[in-house]
Amino acid sequence: MKKLAAIFLALAMITGCEQGVSVKAPDPIDNLQKQAAFSFDVNPETFELVVEKEGVIESVSEPLPKRKVSNLQKDEHRVSWTYPDDQMKIAIEQKGDYLQVQLESTGAESFTWPTVSGASYMLPLGEGKWIPSADKDWQAFLKDESLTFAESFSMRFFAVNKGKYAALYIADKLFNDTVDFATEPAISLSFTHEFPTVNPKKSYSFRLYVTDNDPVSIAAVYKNYVKEKGEYKTLAEKAAANPNVEKLYGAPHFYLWNKSFLGEDDLKWGQLKNRVQGAFLDWMTKLLQQNGEDGKESIQQFQDIQKQDYVDAYQKKALLNGFNYVLRSRDFYSPQIFPRLDEQAKALVGKGVAQLNEPELYELNKRLLKSVLQETATEVEQWGATDSTKLLNKLQGAGISHAWIGLADWTAAYMKPEFVKQAGERGYLIASYDSYHSIHKEENQDWNTAIFPDKTLYENATITKKNGEKKAGFLGEGRLLNPTWSLPSVKARMNEIMSTGVAFNSWFIDVDAAGDFNDDYTPGRTTTQEQDMQAKLARMDYIRDEKQLVIGSETGNDFASQTIAFAHGIETPVIKWADPDMRENKTSPYYVGGYWSPAGEIPQRYSKQVPIKEVYRHVYIDPAYSLPLFKLVYNDSVITTHHWEWDSLKIKGEVGTRMLSELLYNVPPLYHIDDKAWEANKELITTHLKVWSPLHQKAVQRAMTDFAILTEDRLVQRTSFGADLQVIANFSASDFSYENQIVKAHCALVIDGKETTTFAAPNQ
C-alpha cells in the first residue's frame with residue numbers, strides 16, 4: 001500500500017494535479033446503490049494507471065516496460081501523449097463517472113493494454129465466472145490460454161478485484177481483440193488489439209469504472225452502459241412485434257433428431273420379404289447402388305431376408321436406411337414399377353416429378369412405396385409417428401404446455417409436415433436448424449445447409465486469410481462464406497422453405513450470435529470483422545422480420561441481444577473442444593460420441609451420458625465459481641440455455657446440480673429426445689418442469705434484481721426477480737436455514753410472494 005501511495009503521489013506531480021481527477025458516480029440503476037467517487041493518475045512512461053477510492057489507492061493496470069514519451073499534454077480532465085517508437089497515441093479523459101481511455105495507432109500493427117492482476121476476476125465467460133487468481137484448477141485451465149474477446153466473452157467487459165473495490169473495463173468495440181492469460185505465480189490477463197490493414201479504423205478504447213466489488217454492481221454498471229447506447233430490447237418489446245415470443249416463457253427446449261420417413265413400428269417385418277422382390281427389388285438395388293457403403297449394406301440385407309423367416313435388429317436398421325434413402329430420391333418414380341397409384345399420387349405425378357417441391361416429392365414417394373408394401377406398412381399418415389406426432393401427444397399429456405422444438409434441418413420437416421403443423425397448433429414453437437457458415441463445392445444431402453444454388457459463391461464469396469489462404473469451414477470441410485455476400489442466398493433459401501407451406505414459427509441459426517467474426521483479405525473485396533457482424537445481424541433480422549419467426553442462435557453473445565429471442569450455449573458452452581480424450585479417443589471414458597447415428601436415432605454426440613474431467617467440472621459446472629452476470633443484465637431480454645452438445649442430462653453425476661442451476665439462474669432445460677429417450681427420462685424431466693416452468697413463466701418477464709452468496713463455501717446462493725420472487729439453491733451436502741425455513745441439501749426453495757415450493761435434485 002505504501003508503494004502504491006508513493007506511486008500515486010509521484011504520478012500526481014507528473015500530471016500536475018495533486019489530488020488526481022475526481023469522477024462522479026452514476027445514478028442508481030435497478031435500485032442499486034450508486035458508485036462512490038474515485039480519483040486517478042497515470043504514469044505515461046509505463047502506462048500504469050492508479051485510482052483512489054475511499055482513501056484506498058490501487059494500480060488498475062500493470063506497468064508496461066518503460067517507453068519514450070512525447071507530446072505529453074494535460075489539463076484538469078484529460079491526459080494524452082504519444083509513444084513515437086511504438087507509433088501509438090494515448091488519451092485518458094474524465095467523462096462523468098468513468099474514464100475514457102483511447103488508444104490510436106499511427107502505424108502500429110497491434111498494441112497490448114491493459115494488463116491487469118488482482119485477487120480474483122469476474123469475467124463474462126459464458127454466463128459468468130468468478131476466478132480466484134491463485135486457484136490451481138483455473139491456473140491449469142488458463143495456462144497459456146489466448147481467447148478471442150468477441151467469441152469467448154458474452155459481454156464486452158472484464159472486472160478485476162482490487163480489494164475494497166473492483167476495476168471494471170468496458171470495451172467500446174469488440175473486434176480484433178484477444179485476451180491472453182498468464183498463470184505464474186497467479187493469474188493475470190492482458191488485452192491485445194490488432195490493427196488490420198483491411199480496417200481503416202485504427203483505434204480501440206475502454207471505459208474504466210471503479211465500482212463495488214460484487215457481481216450485482218458490476219452488472220448494473222454494464223446494463224446502464226448498454227441502455228445508454230440504446231442497445232437494450234426486452235422480451236416484451238420483441239413479443240410486441242411477434243406474440244409467438246411469449247411461447248418461450250416456461251418452455252423447455254427439445255431437439256428431435258429423427259430424419260427418416262419410416263420407423264421400426266411402421267412395418268410388419270415378417271411379411272416384408274413377400275413385398276420386396278422381383279422387379280421392385282431390382283429397382284431398389286439400382287437406386288441403392290448410388291448410396292456408397294450404406295447402400296451396399298442395405299442391398300445385402302434385402303437379399304438376405306429372402307432366405308430367412310425372421311428379420312433381426314441389425315437388419316431392420318439397414319433396411320430402414322435403404323427405404324429412407326430411396327424415399328428422398330427424385331428418381332424413385334417409374335410407371336413400370338408403380339402401376340397402381342392412388343388419387344393423390346396421380347395428381348402429384350401429373351404436376352411433373354421434376355416440378356415438385358421437396359414436401360410434394362416426399363409425399364409422392366411415400367405413396368409409391370405404400371402401393372408396393374400395401375398391408376405390410378401402416379398408413380402413410382402414420383409413418384414416423386412414434387417419434388413425431390405421438391411424441392407430441394406424450395409431451396402434452398405430461399402437462400408441457402410450452403416448448404421449443406428444434407429439428408436437425410428443414411428436410412426433417414418436409415418428411416413430416418403434419419408433425420410441424422400439429423406442434424404449432426399445440427402452442428409449441430418449432431424450428432429448423434440452419435447455417436450460413438460453411439459452403440461446400442460438392443453437394444451432400446446430409447449437409448444441406450452448406451449447399452447454395454448460387455455456385456459462384458464458393459470461388460467469389462469465401463473468406464481469405466491474411467496469408468492468402470482460404471479459410472476452411474466447420475470441421476475443416478469446404479470454405480467459410482463471407483456473410484456480407486450471403487443475404488441474397490438467405491432470402492432465396494428462406495423463400496423456398498416457407499413457400500412449401502411447412503408451418504415453422506421459429507428458426508435457429510448456427511454461429512451467427514457466437515462472435516466468430518472474420519476479416520476477409522480477398523483482393524478487391526476486403527471486409528472487416530465489424531462488417532461481418534453487421535451482415536450476420538442483418539440476415540437474422542430478415543428471417544425474424546420478413547418471415548415472422550422467433551429467432552435464436554448459437555451462444556448468444558450480447559452484440560446480438562436486440563435481434564435474437566433465445567440462444568443455445570451461454571449457460572454451458574462447448575466444453576474444451578480440443579481435448580482428444582473427449583473428441584478423438586473412442587476408448588476414453590470421457591469420449592462424447594460421434595455425429596453419425598443409424599436411421600432415426602439420436603447421435604451419440606447428443607445422447608451419450610459421459611463424465612467430465614475434474615478440472616472441467618471445476619471450471620464449467622461447479623456453482624462456487626459461477627456467476628449470473630449475463631442474467632443480471634439480460635434476464636428479461638434474451639432466453640439462454642446450454643449448447644446442444646451439453647444438454648441437461650449429458651454430464652454424468654451433474655444432472656442434479658444443473659437442475660438446481662437452471663432454477664437459480666432461470667435457465668430453460670435442454671433435452672434431446674425421441675420416444676425411447678422420453679420414456680427413459682420422462683419422470684426426471686417432468687418432476688423438474690413442474691417447478692421450473694411456472695417459475696420461468698414469471699421470472700423471465702422481470703429483471704434479475706439481485707444475486708447473493710449465502711455461505712462461505714459459496715454453495716448456497718440466492719437470486720431475486722423483482723420484489724417478491726426468489727430462488728435459494730443449496731448445492732451443498734448440509735441443510736441451510738433461510739428466513740426461518742430449511743433449505744435441505746441438494747434442494748432449491750422458490751419463494752413467490754407468500755407461496756413456497758421446494759425442488760429436490762436427483763442424485764445423478
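Only a predicted model underlies this, so the values are computations on that prediction, with no experimental measurement involved.
- With Phe323 as reference, Phe302 is the one residue of Trp383, Phe261, Phe302 to meet the ring-ring contact (aromatic ring centres under 6.0 Å, His included) rule.
- Of the residues listed (Leu391, Leu392, Asn258), the one engaging Phe419 in a side-chain contact (heavy atoms from CB on, under 4.5 Å) is Leu392, and it is the only one.
- Between Phe338 and Phe332, the ring center distance clears the sub-6.0 Å criterion.
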- Item | Derivation and outcome, ring-ring contact (aromatic ring centres under 6.0 Å, His included), residues His642 and Trp646 | CA-CA 6 Å; His642 315 292; Trp646 297 94; over 10 Å; no
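- Atom NZ of Lys690 has 12 or fewer neighbouring heavy atoms from other residues, nucleotides or ligands inside a 6.0 Å radius.
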- Let me see the working for His688 and Phe759 under ring-ring contact (aromatic ring centres under 6.0 Å, His included), right down to the final yes or no. CA-CA 7 Å; His688 182 47; Phe759 173 77; 5.0 Å; yes
- Query: Is there a side chain to side chain donor-acceptor pair (under 3.5 Å) between Asn557 and Ser154 once you walk through the steps?
  - Reply: CA-CA 4 Å; Asn557 290 348; Ser154 61; 5.0 Å; no
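- A salt bridge (Lys or Arg N to Asp or Glu O under 4.0 Å) with Lys317 is found for one member of Glu297, Glu264, Glu601 and no other, namely Glu601.
- Remark: Lys316 NZ is packed, more than 12 non-hydrogen atoms of other residues, nucleotides or ligands lying under 6.0 Å away.
- For the ring pair (Phe, Tyr, Trp, His ring centres under 6.0 Å) test, no residue two or more places apart in sequence or in another chain qualifies with His437.
- When all heavy atoms of Ala241 and Gln548 are compared, the closest pair comes out as O-OE1, 3.4 Å.
- A salt bridge between Asp342 and Arg367 is present, with a side-chain N of the basic residue lying under 4.0 Å from a carboxylate O of the acidic one.
- Here the CD atom belonging to Gln315 is positioned 7.0 Å from the CD1 atom belonging to Ile305, to the nearest 0.5 angstrom.
- Note that CZ of Phe630 and CG of Asp558 are 6.0 Å apart. Values are rounded to the nearest 0.5 Å.
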- Apply side chain to side chain contact (heavy atoms under 4.5 Å, CB included) to Val691 and Val750, showing your working. CA-CA 8 Å; Val691 179; Val750 178; 4.1 Å; yes
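- Taking the charged nitrogens against the carboxylate oxygens, Lys390 and Asp675 have no contact shorter than 4.0 Å, which rules out a salt bridge.
- Taking every heavy atom of both residues into account, His746 and Leu660 meet most closely at C-CD1, 3.9 Å.
- To the nearest 0.5 Å, atoms CG (Leu664) and CG (Leu749) are separated by 11.5 Å.
- One distance of note links OG of Ser693 with NE2 of His402; it measures 9.5 Å at 0.5 Å rounding.
- Between Tyr255 and His672, the angle of the ring planes stays under 30°, which puts this pair in the parallel group of the 30/60° scheme.
- Using a 30° and 60° split on the angle between ring planes, Phe566 and Trp404 fall in the tilted class, from 30° to 60°.
- Across Val326 and Asn365, no two heavy atoms sit closer than the pair O-ND2, 4.0 Å.
- Partner of His568 under the side-chain hydrogen bond (donor to acceptor under 3.5 Å, both in side chains) criterion, out of His253, Glu554, His643: His253 alone.
- Note: Tyr433 and Trp644 have perpendicular aromatic rings, judged against thresholds of 30 and 60 degrees for the angle between ring planes.
- Of all heavy-atom pairs between Tyr591 and Met582, the closest is CD1-O, 3.5 Å.
- Counting heavy atoms from C-beta outward, Glu571 and Glu662 have side chains that stay 4.5 Å or more apart.
- For residues 267-276, every residue pair satisfying the side-chain hydrogen bond (donor to acceptor under 3.5 Å, both in side chains) rule, not counting sequence neighbours, is listed here: Arg275-Glu375.
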- Query: Step by step, would you call Tyr634 with Thr640 a side chain to side chain contact (heavy atoms under 4.5 Å, CB included)?
  - Reply: CA-CA 9 Å; Tyr634 289 107; Thr640 60; over 6 Å; no
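- Of all the heavy atoms in Pro669 and Ser648, the pair that sits closest is CA-OG, 3.4 Å.
- Side-chain contact between Asp674 and Leu256 is absent, with no heavy atoms from C-beta onward closer than 4.5 Å.
- The side-chain tip of Arg493 points at the ring of Phe452 from less than 6.0 angstrom away and within 45° of straight on.
- The minimum heavy-atom distance between Asp434 and Trp507, with the atom names listed, is OD2-NE1, 3.0 Å.
- Defined by atom type and a distance below 3.5 Å, a donor-acceptor pair is present between the side-chain atoms of Asp541 and Thr563.
- Note: Thr411 OG1 to Glu358 CD = 5.0 Å, rounded to the nearest 0.5 Å.
- The pair Lys491-Glu546 does not count as a salt bridge, with every side-chain nitrogen at least 4.0 angstrom from each carboxylate oxygen.
- Between Phe474 and Trp447 there is a side-chain heavy-atom pair separated by less than 4.5 Å.
- Side-chain atoms of His440 and Glu477, non-hydrogen and from C-beta on, do get closer than 4.5 Å to each other.
- Seen from the ring of Tyr595, Arg605 counts as a face-on cation partner, given the 6.0 Å and 45° thresholds.
- In this structure, Asp387 does not pair ionically with Lys676, as no charged nitrogen and carboxylate oxygen lie closer than 4.0 Å.
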